[in-house]
Engineer: 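Input: one structure, supplied below.
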Amino acid sequence: MFAAHTVICGAGILGLTIARELVRSGCEDIIIFDKEPEPGRHASGRNSGVLHAGIYYDPGTLKAKMCLEGNRRMQAYCEERGLPLFRSGKVIVARTEGELDTLDELERRAKANGALVEMVDEHALAEIEPNAKTVNRALHSPLTSVVDPKRILKAMREELETSGKVRFFFETTFLGPGRDKVRTSQGDIGYTLFVNAAGAYSDKVAQTFGIAKNYRLLPFKGIYKVLKKPAADKIRGSIYPVPDIRNPFLGVHFTRSVHGEVYVGPTAIPAFGRENYGLLKGLDREFPSILLRDALMFLENEKFRTVALSEPRKYFFKHFFEDAAKLVRHLAPKDLLPSSKAGIRPQLVNIETGELVMDFVVEREGNTVHVLNSISPAFTSSMYFSELVVKEYLMKA
């Protein structure tokens, strides 16, 4: 049987940053295992690479507390290691006058969270992002940046392996808990502390330990298009819409990547599997239960119903294009090209309240700690969030 002081299930960004923080805190014996052949095969490696800057989140939530400092630490990490970093900035634009109150609420939240933002008029917006279009005013976030998630994951893996204190077990699937050990497809792994950082599977792992019984996954699919030249040259940084802040989605937006491509997306289409990246690809035996969950949410939750009625239409080019075109002055259908980029948001729903879970969740049970609902801005927040997990949960476990 293999064994380590701390065993981490999941080699996404949170698994890696928690391990990194444990090493910094003096832990010398860590195993990270993952069912995939390398880190970040799912949400961590498929996100847009945007480092958010603390704008959207209710003051007092973990997201609000973690995001801005996480942004700073991730930028510093990229600078120290020579990893791609694009200080793009972001503008949030109003599509209608009815969105201006929400735009003002975003400014209030941002300032309460310590974020640097500025409300700008249409003339100032044209100086920052000439192709962006708004009604009356827009919110400018100069601290929003863009990184290459896969390069960061690769660098962290190398850093942890080089430390001599972390072992990786890939293609190793979690099967269930034992007495101070976990059963995996590669055999049992003993632990003093166990960390569940399994992303889209974290609820399933937690429930085998008898906790998080009120949470169920309600996955959402993000698909993208890519903007071809010369239309792409008209986008300097990131252009976002005013979101519906009742739901945890930011809407289809334009993002210039660190490598110069401009992506448009993602959607927030209800998905039917934890890895349902294609139309049918990734469907498994959970499909009926997720479909039933979606149906119940559709009937009982107006906020979810709004998403379920509007987002699936974006599978059709016409609706995707119309959504994107509301944000910019110049965009033609021929400017949008297909993209293979797609991701699954591992969103949880509380089945007792019938509401989407809006914040990160951390639960401790004995000598195990479970990180749940690791949705955006989890990548941005990861370095600071991991410090919290280690200090407040693992060191006290």
Engineer: Is there a donor-acceptor pair closer than 3.5 Å between any side-chain N or O of S381 and the backbone N or O of A378?
Structural biologist: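 Pair absent, no side-chain N/O of S381 close to backbone of A378.
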
Engineer: Find out if a path of hydrophobic residues (ILVMFWY) with successive side-chain heavy-atom gaps under 4.5 Å connects L68 to V389.
Structural biologist: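 The answer is no; the residues belong to distinct hydrophobic clusters.
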
Engineer: Any sub-3.5 Å donor-acceptor pair from H253's side-chain atoms to G251's backbone N or O?
Structural biologist: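 Yes.
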
Engineer: Does the N367 side chain pair with the main chain of T192, one donor and one acceptor, at a distance under 3.5 Å?
Structural biologist: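 At least one qualifying donor-acceptor pair exists.
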
Engineer: Side chains of I351 and Y215: closer than 4.5 Å at any heavy-atom pair?
Structural biologist: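 No. Closest side-chain heavy atoms not under 4.5 Å.
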
Engineer: Where do L100 and V135 come nearest, in terms of heavy atoms and distance?
Structural biologist: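 Shortest heavy-atom contact: CD2-O, 3.4 Å.
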
Engineer: Looking at L116, L106, L250, which hits side chain to side chain contact (heavy atoms under 4.5 Å, CB included) with I55?
Structural biologist: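 Output: one option passes, namely L106.
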
Engineer: Hydrophobic clusters here meaning ILVMFWY residues chained together by side-chain heavy-atom distances under 4.5 Å, can you tell me if L388 and M74 are in one?
Structural biologist: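 Same cluster: L388 reaches M74 through Ile, Leu, Val, Met, Phe, Trp or Tyr contacts under 4.5 Å.
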
Engineer: Could you check whether atom NZ of K165 has more than 12 heavy atoms from other residues, nucleotides or ligands sitting under 6.0 Å from it?
Structural biologist: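 Above 12, so yes.
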
Engineer: At what distance, to the nearest 0.5 angstrom, does CG of L14 lie from CG of N196?
Structural biologist: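 Answer for the CG-CG pair, L14 versus N196, is 10.5 Å.
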
Engineer: Do side-chain atoms of R274 reach the backbone of A200 as a donor and acceptor pair under 3.5 angstrom?
Structural biologist: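 At least one qualifying donor-acceptor pair exists.
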
Engineer: Taking the side chain from D203 and the backbone from R216, do they hold a donor-acceptor pair closer than 3.5 Å?
Structural biologist: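 No, the answer is negative, given that no donor and acceptor are paired below the 3.5 Å cut-off.
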
Engineer: In terms of hydrophobic clusters joined by side-chain contacts under 4.5 Å, are Y263 and L337 together?
Structural biologist: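 Linked, Y263 and L337 end up in one cluster.
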
Engineer: Flag the pair P270 / M297 as yes when at least one side-chain heavy-atom distance between them is below 4.5 Å, and no otherwise.
Structural biologist: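 No. Closest side-chain heavy atoms not under 4.5 Å.
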
Engineer: I'd like to know if the side chain of R256 and the backbone of A232 have a donor-acceptor N/O pair within less than 3.5 Å.
Structural biologist: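 Pair found, side chain donor or acceptor close to backbone of A232.
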
Engineer: Under a plain distance cut-off of 3.5 Å, with no hydrogens placed, do E36 and H42 share a side-chain donor-acceptor pair?
Structural biologist: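 Indeed, the side chains of H42 and E36 share at least one donor-acceptor pair under 3.5 Å.
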
Engineer: Return the set of residues passing salt bridge (charged side-chain N to carboxylate O under 4.0 Å, His left out) with K326 (not counting sequence neighbours), or none when no residue passes.
Structural biologist: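 Once residues adjacent in sequence are excluded, K326 has no partner under the salt bridge (charged side-chain N to carboxylate O under 4.0 Å, His left out) criterion.
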
Engineer: Looking at L372 and A212, what are the two nearest heavy atoms and their distance?
Structural biologist: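 Where L372 meets A212 most closely, the heavy atoms are CD1-CB, 3.9 Å.
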
Engineer: Using the side-chain hydrogen bond (donor to acceptor under 3.5 Å, both in side chains) rule, collect all pairs that involve residues 44-55, keeping only residues at least two apart or in two chains.
Structural biologist: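 Applying side-chain hydrogen bond (donor to acceptor under 3.5 Å, both in side chains) to every pair that reaches into residues 44-55, excluding sequence neighbours, yields nothing.
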
Engineer: Determine whether a donor-acceptor pair (N or O, by modelled atom type, separation under 3.5 Å) exists between the side chain of T134 and the backbone of A94.
Structural biologist: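 Checked: pair present.
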
Engineer: With side chains defined as the heavy atoms from C-beta onward, is the minimum distance between P248 and L356 less than 4.5 Å?
Structural biologist: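 A side-chain contact exists here, since the closest heavy-atom pair is under 4.5 Å.
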
Engineer: Per the side-chain hydrogen bond (donor to acceptor under 3.5 Å, both in side chains) rule, what does the pair list look like for residues 302-311, sequence neighbours excluded?
Structural biologist: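 As it turns out, the side-chain hydrogen bond (donor to acceptor under 3.5 Å, both in side chains) pairs with a partner in residues 302-311, which skip direct neighbours, are K303-E355, E311-K314.
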
Engineer: Taking the side chain as C-beta and beyond, is there a heavy-atom pair between R236 and P130 under 4.5 Å?
Structural biologist: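 Contact flag for R236/P130 side chains = yes.
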
Engineer: Can you give me the closest heavy-atom contact between Y315 and G278, atom names plus distance?
Structural biologist: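 Nearest heavy atoms, Y315 then G278: OH-O, 4.4 Å.
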
Engineer: Mind listing the closest non-hydrogen atom pair of L16 and R157 along with its distance?
Structural biologist: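 That would be CD1-N, 4.4 Å.
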
Engineer: Do L331 and V262 land in one hydrophobic cluster if side-chain heavy atoms of ILVMFWY residues count as linked below 4.5 Å?
Structural biologist: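 Looking at the clustering, V262 is in the same group as L331.
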
Engineer: Taking the side chain as everything from C-beta on, heavy atoms only, tell me whether R167 gets closer than 4.5 Å to D29.
Structural biologist: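 Yes; the side chains approach each other to less than 4.5 Å.
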
Engineer: Any chance CZ of R24 has more than 12 other-residue heavy atoms, nucleotides or ligands included, within less than 6.0 Å?
Structural biologist: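 No, because the 6.0 Å sphere around CZ of R24 holds 12 heavy atoms or fewer from other groups.
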
Engineer: When rounded to the nearest 0.5 angstrom, what distance separates CD1 in I239 from NZ in K133?
Structural biologist: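 The CD1 atom of I239 sits 11.0 Å away from the NZ atom of K133.
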
Engineer: Quick one: pull up OH in Y191 and CD1 in I8 and give me the separation to the nearest 0.5 Å.
Structural biologist: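 Reported to 0.5 Å precision, the distance equals 13.5 Å.
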
Engineer: Answer yes or no: does atom CD of E79 have more than 12 heavy-atom neighbours from other residues, nucleotides or ligands under 6.0 Å?
Structural biologist: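 Atom CD in E79 is packed in, count exceeds 12.
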
Engineer: Take K35 and R41 through the test side chain to side chain contact (heavy atoms under 4.5 Å, CB included) and record every step on the way to the result.
Structural biologist: CA-CA 10 Å; K35 70 182 181 66; R41 272 292 184 95; over 6 Å; no

Engineer: Could you walk me through whether E363 and F209 satisfy the side chain to side chain contact (heavy atoms under 4.5 Å, CB included) test, starting with their C-alpha distance in whole Å, then the side-chain angles of each, then the deciding distance to 0.1 Å, before giving a yes or no?
Structural biologist: CA-CA 11 Å; E363 295 197 8; F209 287 85; over 6 Å; no

Engineer: Side-chain heavy atoms under 4.5 angstrom apart, residues restricted to Ile, Leu, Val, Met, Phe, Trp, Tyr: same cluster for V371 and V166?
Structural biologist: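 Per the 4.5 Å side-chain linkage, V371 and V166 are co-clustered.
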
Engineer: Going by ring pair (Phe, Tyr, Trp, His ring centres under 6.0 Å), name the pairs with one or both residues in residues 146-174, residues two or more places apart or in two chains.
Structural biologist: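 Residue pairs passing ring pair (Phe, Tyr, Trp, His ring centres under 6.0 Å), neighbours aside: F2-F169, F168-F170.
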
Engineer: To the closest 0.5 Å, what do you measure between CG (L193) and OH (Y393)?
Structural biologist: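 Atom-to-atom, L193:CG and Y393:OH are 15.0 Å apart.
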
Engineer: Could you pull out the closest heavy-atom pair between S386 and T17, with the gap in Å?
Structural biologist: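 Residues S386 and T17, closest heavy atoms: OG-OG1, 2.6 Å.
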
Engineer: Going by side chain to side chain contact (heavy atoms under 4.5 Å, CB included), name the residues that satisfy it together with A64, two or more places apart in sequence or in a different chain.
Structural biologist: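 For A64, the residues satisfying side chain to side chain contact (heavy atoms under 4.5 Å, CB included) (neighbours in sequence not counted) are Y57, T61, N113.
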
Engineer: Let me confirm one number: the CZ-OG1 distance from F33 to T173, rounded to the nearest 0.5 Å.
Structural biologist: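 Here the rounded value is 9.0 Å.
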
Engineer: Working to the nearest 0.5 Å, report the span between OG1 of T6 and CD1 of I30.
Structural biologist: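 That separation rounds to 5.5 Å.
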
Engineer: Are R137 and D104 close enough, and set up right, to give a side chain to side chain contact (heavy atoms under 4.5 Å, CB included), and what steps lead you there?
Structural biologist: CA-CA 10 Å; R137 56 186 183 271; D104 293 337; 2.8 Å; yes

Engineer: I189 and I31: which non-hydrogen atoms are nearest, and at how many Å?
Structural biologist: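 Scanning both residues, the minimum pair turns out to be CG2-CD1, 3.9 Å.
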
Engineer: Show your reasoning for whether side chain to side chain contact (heavy atoms under 4.5 Å, CB included) applies to F317 and K225.
Structural biologist: CA-CA 10 Å; F317 181 87; K225 305 289 184 188; 4.2 Å; yes

Engineer: Are Y240 and T255 side-chain neighbours, meaning at least one heavy-atom pair lies under 4.5 Å?
Structural biologist: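 Y240 vs T255: side chains touch.
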
Engineer: Between E387 (side chain only) and E21 (backbone N and O only), is there a donor and an acceptor less than 3.5 Å apart?
Structural biologist: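 Here the side-chain-to-backbone pair does not exist.
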
Engineer: Taking S289 for its side chain and E286 for its backbone only, find out whether a donor-acceptor pair lies under 3.5 Å.
Structural biologist: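 Yes: the side chain of S289 pairs with the backbone of E286.
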
Engineer: Measure from the side-chain N and O atoms of K63 to the backbone N and O of S376, and report whether any donor-acceptor pair falls under 3.5 Å.
Structural biologist: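 Judged by distance alone, yes, a pair lies under 3.5 Å.
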
Engineer: Please check if any side-chain donor atom of E158 sits under 3.5 Å from a side-chain acceptor atom of T162, or the reverse.
Structural biologist: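 No donor-acceptor contact under 3.5 Å links the two side chains.
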
Engineer: State, with a plain yes or no, whether a side-chain heavy atom of S145 is found less than 4.5 Å away from one of L85.
Structural biologist: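 Of all side-chain heavy-atom pairs linking L85 with S145, at least one is under 4.5 Å.
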
Engineer: Could you tell me if the side chain of P241 sits less than 4.5 Å from the side chain of V252, heavy atoms only?
Structural biologist: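 Of all side-chain heavy-atom pairs linking P241 with V252, none is under 4.5 Å.
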
Engineer: Tell me, which pairs form a side-chain hydrogen bond (donor to acceptor under 3.5 Å, both in side chains) where one or both residues lie in residues 117-126, sequence neighbours left out?
Structural biologist: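 Residue pairs passing side-chain hydrogen bond (donor to acceptor under 3.5 Å, both in side chains), neighbours aside: none found.
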
